[in-house]
Amino acid sequence: MFSPDAAVPASVAARNPRRRQRTGSDDSLALRPNPKRIRRSGLTSETFQPPDTTNVNGRIPHVAEEVFTNGHAKKPTNVRHASVDTTSLAIRHRGVKKVDRERRTSKNDGSIELTKNENYIVTQLPTTPESIRDYHASGKWQGEISASLGYALAMTQSQAIVWRYAQGTTSAEQLKPLNIKLPNPSNNSRHPLPLGILVPTSAEPALLVVMPTSGRITYWESLANAASVDSNRQKQQSVQGTVTGMLSGESITTITEAEPRAFVLCLSTGRLVHLTVSDSRGKPSINFQYLRDTGAQSGGLFGSLRGVFGNAGWRKDVAAVRAGESWQRGQRYVVVATSRGSFQTWDLSWNGTHSLVNEVDAKDDLLHALIEGADVPHDNKEHVFKVLDFTILPSGGSGNEVARMGKRGDCKLLTLTVLKGAESSRYALIGLTLATGSVTIDVVHPITCYTTSLPAETQFKPQVLVPEPVQVAFLMLQKSVVLVSLVEIEETPSSQLQMEARTLPDPFQDALDFRSTKPYRVVGCASEVDDRIHAQSSCVLMIYGFGLVRISALPMREGQSALDRATVSAKTKLEQAVYFGNLPQDLLDFSPRSEISFDQEEVEAAALSVSHSIMSSTSVYMPSISPSMDQQLQRRSTALADLNKHLRQHYPPLGRLTRWKLLWNAEKMAAAKALWRCYNAIISNHKRSSDDKSVLAELIESLHESLKTENQPEHHETDGVRHWFVHDVWRLEYIIPWAQNMVELMFENAVEDNKRIEPAIQARLVSEANDIQLSSLETAFGFREANVAAYGLADETMIDGVLLGGYEDLPEIWTSTANIVERVKTMTDVSRELACLGEDDDANEGDPLPDLVLKLAADNPRQVQICCQTYIERFRWLQSRPEAESKAAGEKLKQAHFAVRKALFKSLPDVGQPEKAIYLAEKYRDMDALADIIEGEMLSAESDETVRLLEERIYSYFVTFGTKWSNAFFKKHLDGGKAVDILNGNTNFKDHLTQFLRHQPNYAKLGWIHEVASEQSYVAAAEDLMLAQQQETNLWSRKVSLSMGRLSLLAATGKGQVKDKNSKNFIRTIDENLTLLAIQERLCNHVKPTIRNALDADAEVDLALQKYGSKAEGKSTLRHSLEKHVRKMLALETLSPEALIDTLTLLGGEGAFPENEGFMGSRFFYAFKVLRLASFEMSDPGLKELQEKFIWRRCMIRDDWKAINRTELKADGQAEVETGATALFQTLREGFRTGFWDKSAPLPPSKVLEAGTSIDALRVSSHFANVPENALAVFAQDLEKEDELLGRYMEEGRLDERWKGVVEAAKASARDEADSKGEEQLRIRNAQEDFSARMFEKDREVYSQEGSREDIAAIDEQGDVIMGV
């Protein structure tokens, strides 16, 4: 029909459209009709058929005189647009029926929501054949979608599969796919797949199939003809032809419907072919013509070559071909875009003529717009610019002013461009106006949500779809879909300010990715017709291995602006991942893209918001009504787990508090599931009366309205319990304590109504309350411990779901509120009391059933366990608070917990749970409680075997618990008066008893007995005796303990248990303590003769002070101290070294008895001796210095130095006697005599002045650190009085001048006494030696007379018997 070498210009065809064109014999592929069979027929209103509808962008057919773009088709008003189904397959013969346009969002159409948010919804259509949906069995194929007809087409190498995807809801319309066998299929699997397209006709869709490599074309006027089983009949009912003139290696890549029954074929070289499948009278006929710029042709050979190889039709990298609008009948514009950015507009006529009306190179304009709009650096040399696809904007599109194509071919395009880089690419949608010889950039939409580079080889070229109403552009990529809003943001003062501040967000856009682990990819797509009812822009995708998917952009809500929905929120992304991420239809990958990022605060807030919406069932994606409450709770629990899993896999670690809050919500949901099962079991009990309302139901009904979501009776919400489980699980912490409150309230109401609640009813109510607390808290603590790592808290250390530490940053934990701690403890006690009452042997009417009593008893250990957990968690949290009051409350609660725990453990055997009691005591290492429980079991044991087993358990505790058990076990028995039983008890315990006694100073009196009797360790016995004497207050008992310790040490030395050096040190320590006791004893003996006639202890003290307390008169503090010390001394209580020094130095010497005169003269020396033996220089050097000065001062003021200084009329002898009688002289002489002053020189009077006469002077000693300041002031005043007296003696008695003389006289007296004693001792020693010598000689004579015998012991030179000689 058309000659490729001679094409008629479009202008000629326009002037004479009825003129038949001359056809060349070479290019005509038509099946020439027989002229004899042609008959003329009159044109009437019934027989006239207007020219076929046009098609925009090669996707959707339209009725003539109507303008359509972007592949959108309005609802057909002509029978030519009705679909007809066959009876056996997907098509019905000759029947005419409108396509059902019911939207897929309906819940009962069989579609499955794959994801949804406020901006769009993605659904899987249920009509995809299984062979296409299963990628394991489908093989290699590609698809096309005819949205206007409601049909889909899949092409394989050997067949075409056609099915109707837009079906109704009735099962009668769920028809099978139509399998069409292709004629002459290619045997080479490497060849491209056949191309196919469905063509609308007056009856039913026609089918056009093109073989890409061979150029063979087959056209069936109906699907029924194509589906004929008979191959000959199928061939006869088709029209076939071949595109000739294809170059070697050239193939057909795409088919674009450009005119009713006319198409544009794009070749791999970029050449275009205009193909028609009918002649001018509508008869089937295949004709084609290569598109060439005939208007630019020139004569001659070179002109012809330019027409064949010119830029207009040869070797172009064609990005896309789209059919534009028709501006007159029989005419159609086609726009072609190359990847380099050039655009051509072709004018195609129904008679086969064509002309190039416009060609523009828009690369520079597009590149500049992309760089500016996408914010790409101008000097970026790493990116390659390409045009990927474009679409012609439809007329009358909302949000953008578009114009109808005119005679000049002007049009508005939306172009998909890319700057392709090595690692990422920058995409943009650029709106432009294409006019004759020029291009104008209208708008730039940078794609910020998708920067993934396209693969070098792709099976699907990117496409742009803009369905009507024009709201959203859909970017179809091989494994992704990008949605970009085209709605302009209204200019408001707020938006203008944001624009000036460069904070105005980009229009809404989002990316949907397919799972990379599956072979899902787009193989076909199409825009759907304008949905005037729902105002949705929709498109349909055919996805390899999955099936058909519809994506619908939802309209904005009333009052919502484009600015409100401009950004994708973190909450939206989380909701999509949580509610749709684990569907069996795993098409979409909800992993967040790197291009869409959120700050940490937004993610955490979104996570908590999503979690709360699940807890309260306020999410639109979570059905609130379900026949099975257990399934509804499980669904919400799974959603919480999915939320946490998604956050951990795809987002940076959340804050610790946020992770804890998510975990708390999850454990509340787990607890709610357990609580529901308990409640469901209660109401399912067939023995239960219908009038018996459960505790949980009563509880929920009585809850304050601020603690629950109220039922809405107007909405027929009658089940309060289910309503609570649906909406108020997040308030579970109020239910737990109220369980006990509810039982208590029911009891109180019965009392007020003068009703008696029988024990059986009481037990039932208490049992149900127990179930509420136990099921909730046990499940919560268990879930927490099992899932703490799953929530990113693996570094948190906990036992039984209770943290060991780290409470500082946490709010009050819901499982241990103050009410819960108190009410769980109360409920535990109430349950135990009822269980104990129910175990009485005397059963009465109305008593609890045995099964219920057993249940209460069995539940009590669980209650005790929960009680411990809540107590521990509560006091640890309180102790972590910064407030001092909270810390104090936490410590108080901790001590209360220890007492409560012990009492609860010990009470469990009362309800027949001794093993549980032992288990809990072992678990919490409460050794005191364990010892009590074991003792109780030993006492109640009814057989020797039981006793033996208990003893074995006791022995095992020594190994398991060590010192803790030893301390508790032995203290229990020793404090209980069973010391003899312990000391003579089981030898298996001996070693542990030894360790216990050696580490318990309080039991030293028993310890030394055990060491001697059982261990034969005299050293340890001596150490215990030293400890025991420290505990003794009685003088005699301490002296005995020290003496026995010395004896034990001597025995240990004899047995070699201690080294001599250590033994000497130890003995020296004992001797020093005995010396201190001896000094006190001598002091006491000095005072005792004075109190012989006293009637009682008070009289003894009074008499002693009258006799010896004159030096303390006028000094209140010293007088009080002396009275206290004398009282203790006369009661034979041991005095401390400080007290002994004070007593020795403050007692006077008047009226001393003759036998004690020597002691009174030496008492100050004894005070110095006590000071040295007390070793104050090690423990308190300041006190040692003060005490030394106190002794010297009191010693110096003991005598009247003023009288001594009056030497007139006194002979030297009398003056020497008076000086020698002073306490100072006697003390100095005793020290020189014993060598005491060799280690510490005597202090002169000037050195002891002002000692301790002020508070600061006293504070140098730690002994006075805690003494109140007012008491120290009074003490300092007393000492100042002593100091004043010393000062007078120094001034009036010239004591400081006499000091050196007194020292020298004392030293000389000591020396003379030593000389006289030395001569006496020498005489005694010589006499002893003479006596020993005479006795030795006498014994030698006796033995020599009797004779020497071997069995007689020899005697050495010292007179000792030599054994064995």
Side-chain angles (χ1 to χ4, degrees), residues 626-633 668-705 707-711 713 717-729 731-751 753 755-780 819-820 823-824 826-828 830-831 834-835 838 846 848-849 851-856 858-860 862-863 866:
S626 176
S628 171
M629 179 54 64
D630 188 68
Q631 293 180 3
Q632 204 265 357
L633 292 171
K668 282 184 180 180
M669 188 60 66
K673 289 194 297 181
L675 180 58
W676 168 257
R677 290 177 185 137
C678 287
Y679 173 75
N680 194 48
I682 291 173
I683 62 177
S684 300
N685 187 357
H686 64 279
K687 298 180 181 180
R688 185 183 183 88
S689 172
S690 59
D691 297 333
D692 294 337
K693 201 169 185 179
S694 70
V695 173
L696 183 61
E698 290 279 2
L699 191 160
I700 292 175
E701 184 178 346
S702 63
L703 273 178
H704 191 268
E705 59 183 9
L707 303 180
K708 65 179 179 179
T709 304
E710 289 290 342
N711 280 355
E717 293 178 350
T718 58
D719 192 337
V721 176
R722 280 182 167 82
H723 188 270
W724 184 90
F725 275 98
V726 171
H727 298 288
D728 295 310
V729 167
R731 293 166 167 161
L732 182 59
E733 61 268 28
Y734 298 110
I735 290 290
I736 297 171
W738 267 94
Q740 189 273 331
N741 286 14
M742 195 67 241
V743 173
E744 184 177 336
L745 183 62
M746 295 170 76
F747 290 171
E748 292 177 355
N749 291 339
V751 172
D753 297 340
K755 295 181 180 180
R756 177 181 179 272
I757 300 181
E758 295 181 350
I761 299 178
Q762 294 181 20
R764 178 181 65 80
L765 297 177
V766 169
S767 175
E768 291 184 13
N770 289 347
D771 291 341
I772 293 174
Q773 292 186 346
L774 289 175
S775 61
S776 301
L777 291 175
E778 280 183 340
T779 305
N819 280 339
I820 287 180
R823 297 303 177 178
V824 168
T826 304
M827 203 72 241
T828 304
V830 172
S831 300
L834 275 177
L849 296 175
D851 292 344
L852 196 54
V853 173
L854 292 176
K855 180 182 182 299
L856 290 175
D859 287 345
N860 204 241
R862 297 167 59 197
Q863 291 178 286
I866 291 299

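Along the sequence shown, residues carry numbers from 1.
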A side-chain contact here means heavy atoms from C-beta on lying under 4.5 Å apart; do [X] and [Y] qualify?
{"X": "Thr718", "Y": "Asn711", "result": "no"}
{"X": "Arg764", "Y": "Val695", "result": "no"}
{"X": "Val726", "Y": "His723", "result": "no"}
{"X": "Ile683", "Y": "Val721", "result": "no"}
{"X": "Gln762", "Y": "Leu834", "result": "yes"}

What is the distance from atom [atom1] of [X] to atom [atom2] of [Y], rounded to the nearest 0.5 Å?
{"X": "Arg677", "Y": "Leu633", "atom1": "CZ", "atom2": "CG", "answer": "8.5 Å"}
{"X": "Glu698", "Y": "Glu768", "atom1": "CD", "atom2": "CD", "answer": "10.0 Å"}
{"X": "Ile772", "Y": "Leu696", "atom1": "CD1", "atom2": "CG", "answer": "4.5 Å"}
{"X": "Tyr679", "Y": "Asp771", "atom1": "OH", "atom2": "CG", "answer": "13.5 Å"}
{"X": "Arg722", "Y": "Trp676", "atom1": "CZ", "atom2": "CH2", "answer": "3.5 Å"}
{"X": "Ser767", "Y": "Lys855", "atom1": "OG", "atom2": "NZ", "answer": "3.0 Å"}

Quick check: closest heavy atoms across [X] and [Y], and the distance to 0.1 Å?
{"X": "Val824", "Y": "Gln863", "value": "CG1-O, 4.4 Å"}
{"X": "Ala670", "Y": "Thr779", "value": "O-CG2, 3.4 Å"}
{"X": "Thr828", "Y": "Asn860", "value": "O-ND2, 3.2 Å"}
{"X": "Leu856", "Y": "Ser831", "value": "CB-O, 4.4 Å"}
{"X": "Phe725", "Y": "Ala672", "value": "CE2-O, 3.3 Å"}
{"X": "Met827", "Y": "Asn770", "value": "CG-OD1, 3.2 Å"}

Expected output: side-chain Lys708 to main-chain Glu701 donor-acceptor under 3.5 Å: yes
Ser702 side chain to Leu699 backbone, donor-acceptor under 3.5 Å: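 Indeed, once roles are kept as given, a pair shorter than 3.5 Å links the two residues.
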Result block: side-chain N/O donor-acceptor pairs under 3.5 angstrom for residues 733-740, not counting sequence neighbours:
residue: Glu733; atom: OE1; partner: Lys668; partner atom: NZ; Å: 2.9
residue: Gln740; atom: OE1; partner: Arg823; partner atom: NH1; Å: 2.8
residue: Gln740; atom: NE2; partner: Glu744; partner atom: OE1; Å: 3.0

Side chain to side chain contact (heavy atoms under 4.5 Å, CB included) between Trp724 and Leu732, worked out: CA-CA 10 Å; Trp724 184 90; Leu732 182 59; 3.6 Å; yes
